[in-house]
Amino acid sequence: MSKESKSNRDYNVFFNTHTVSGIVISVGLYIIFFAGAFAIFTQNINRWETNTKEIPYPTDMDYEKALDIAIQEGYELEGRSILVRYINNHMPHIQVRARALKTDKDHLPEGRKQPDVKATGPISLRLDPVTYENMEEKYNAEYVQLGTFLYQLHFLDPIIPTFGIYISGLISLFFLFAILTGLIIHWNKIISNFFTFRLRASVKNLWTDGHTALGVIGFPFQFMYAVTGCFYGLSIVILLPSVLVLFDGDRDKMFGAVSPTYRQYERQHVRLENRANVNELVQQTIQKNGTENLEFVTVTLSNYLDENAHASVVLRYHSDSDFFSNTYSIYKLSDGSLVEEKKPDENTYHESVLLTMGKLHFAEFGGYLIKSVYFILALLTCFVILSGVMIWLAARDKKIYEDKRKFNQNVGAIYIGSTLGLYPAIALMFLMTKVIPMDMSDRYLIIKAVFFVFWAGYTVYAFFIKNTFKINRNAMYLAGAMGILIPFINGISTGLWFWRSLPLGYVDSFYVDFAWLIMGVITLLSTRKFKPLTTNNKQKTTKGVVKSMTKKKIQEGEPVLSANTTR
Amino acid sequence: MPANKKYLISSPWTKTGKIIASILGAWLVSLSFHMALALWIDMKSVLVTSAYSIFIVWSLLMLVVYWIKSPWKVWGIFLLSLIICILAIYFGKTL
């Protein structure tokens, strides 16, 4: 094979894999990015829904009392690793968690032959932050709210229960593959075509230019999400084998190797009679580092009540100047002496990797501005996905694909309908949360049902009309109108109008209302620019064309991505 | 402008073989390579790095699957690297 045809072969092969992998994941990836754009604001949307303010993280939590409650609930704590933390979200609660106690037949308590199954089973308690009572039922009934639902939707959990997260991990992997192949096939024209945006040449050229230009601009963002998405979705396929092969199946050893705060200490099997007070250790750590901007405290007790018990106190701060701003102290529980400490400004590579991935993925390193930029970049990625589907459709809208035309049209209508229908469906869901009273039973079952019925209904509607122009325009009409309604319905139903919420300190309520108002207006205004599809056979004007292309070339309708003509 | 068919694979066997190689084969090679590195270089550094690098290497190997034309060659390269990595893991653990 000559060099010329080898390079042609590579181009065509990567072009094909880019198309196939892109089309296969398109709808799933669109849902992930669109719902994910909203999921960046999970807690903000939850607070908007419940009309609550963000409250500062409490520093006076009683850890000893939480441990006592766990004992009262019938759990044996001795020898376990117990996690206790206050979760400060829309439904504040105290979490007490521990894995099942390892059955160690040589060290059973006196007078017992077999370990008690319930007492040594895994612990997962949620306690009321004021009364310290078990609030599991209330939690299960009320925890899922709009923001939480959109967050779960972004890893496809409500659509494919349990396996949604793994499916979305696989989609991330193919997405990583698709953006790499996309970069390869576009490589030679990355500079020249970057400045090409032929808005009026033809619809196909508009899709192509949008797909490539926004794909290149969004590449770093998309690459970050593809890799971190793989990690969150597929970590099981890398962790499980590593634990089995490198650590002989001992999960704790692996986590201990990664971070000292997960480290497990050798159990001595000698009961600790006098131990330091956990509350005092936490207070000591907080006082050392300050209470200002404190965001999260996690306490882990390993080998609880054993001679070699340790307590690790991890503090996380919100800081504008420091990306990480976390610190931990590990104490020996027998006498409360400090064993190990990490100061807020000492950041090692080993302990920063997972933290960095989390901060990048969840946009946790800035305020509303960073989150808003993420939101816009996520929507641009949605445009890249959709325009990819549109190029695929336009390229097949030709005589030589006559026998498959009907099939392609159907696939296209379902793709466009289900993706664009998501926008009005989410807007409808925002409206529903303010229309349906808070204390109604099965409130979220109704809201979810309406959401899914509307979404499915829009897809069916799209399948029957098959006109991408109408599918697109009508989705935007619906979403825009409902988006503008959202702040007003919120004002009417709760009295918290968006011009009152900000002075009263309800920042999230104001932000969500105001963002929907702007989004609704922009959505409706953009529909004025919509025009029915013109295929590339019927070239229209050359007005407004970017200078880098000559008039003649555009009139000839030169395909931008064609391999063999321009290379 | 779909890709020119004359450069693409038409045999369904070859297609399936390549898809399996790009998902399963690339995963195994990337995973065993990182494990071998963890045992021979620095356990802690390689472990935390693998949280992201495993997926990047995985996707690059997927590119290799389609870049090399013959599926036999792809599987040959993958099996060879797999054997080398497994030997490295074996000796890394026993020595």
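Convention: sequence-line order gives letters A, B, ...; per-chain numbering from 1.
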Tell me, for [X] versus chain A, whether the close heavy atoms (under 4.5 Å) come from the side chain, the backbone, both or neither.
| X | answer |
| --- | --- |
| B:Ile54 | side chain |
| B:Ile86 | neither |
| B:Ser30 | neither |

Say whether, by atom type as modelled, one donor and one acceptor occur between the side chain of [X] and the main chain of [Y] under 3.5 angstrom.
| X | Y | result |
| --- | --- | --- |
| A:Arg9 | B:Trp67 | yes |
| A:Tyr166 | A:Gly233 | no |
| A:Lys253 | A:Val243 | no |
| A:Lys359 | A:Phe323 | yes |

In terms of heavy-atom proximity below 4.5 Å to chain B, should [X] be classed as side chain, backbone, both, or neither?
| X | value |
| --- | --- |
| A:Leu234 | both |
| A:Ile238 | both |
| A:Val245 | both |

For this session: Give a yes or no on this: more than 12 heavy atoms of other residues, nucleotides or ligands lie within 6.0 Å of atom OH of B:Tyr66.
Result: yes
Problem set entry | Options A:Thr19, A:Thr228, A:Asp10, A:Leu173, ranked by heavy-atom pairs under 4.5 Å with chain B, top entry | A:Leu173
Exercise. Hey, which of A:Trp392, A:Phe223, A:Tyr349, A:Phe174 has the most heavy atom pairs under 4.5 Å with chain B?
Worked result: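 Between A:Trp392, A:Phe223, A:Tyr349, A:Phe174, the count favours A:Tyr349.
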If you compare all heavy atoms of [X] against all heavy atoms of [Y], which two are closest, and at what distance to 0.1 Å?
| X | Y | result |
| --- | --- | --- |
| A:Leu180 | B:Ser59 | CD1-OG, 3.4 Å |
| B:Lys93 | A:Leu246 | NZ-O, 3.7 Å |
| A:Glu351 | A:Lys342 | OE1-CD, 3.7 Å |
| A:Ile179 | A:Phe219 | O-CE1, 3.7 Å |

Exercise. If contact means a heavy atom pair closer than 4.5 Å, which residues of residues 34-44 of chain B contact chain A?
Worked result: B:Met35, B:Ala38, B:Leu39, B:Asp42, B:Met43, B:Lys44
For this session: On the 0 to 90° scale, with breaks at 30° and 60°, tag the B:Trp27-B:Trp58 ring pair as parallel, tilted or perpendicular.
Result: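 Ring orientation of B:Trp27 relative to B:Trp58: tilted.
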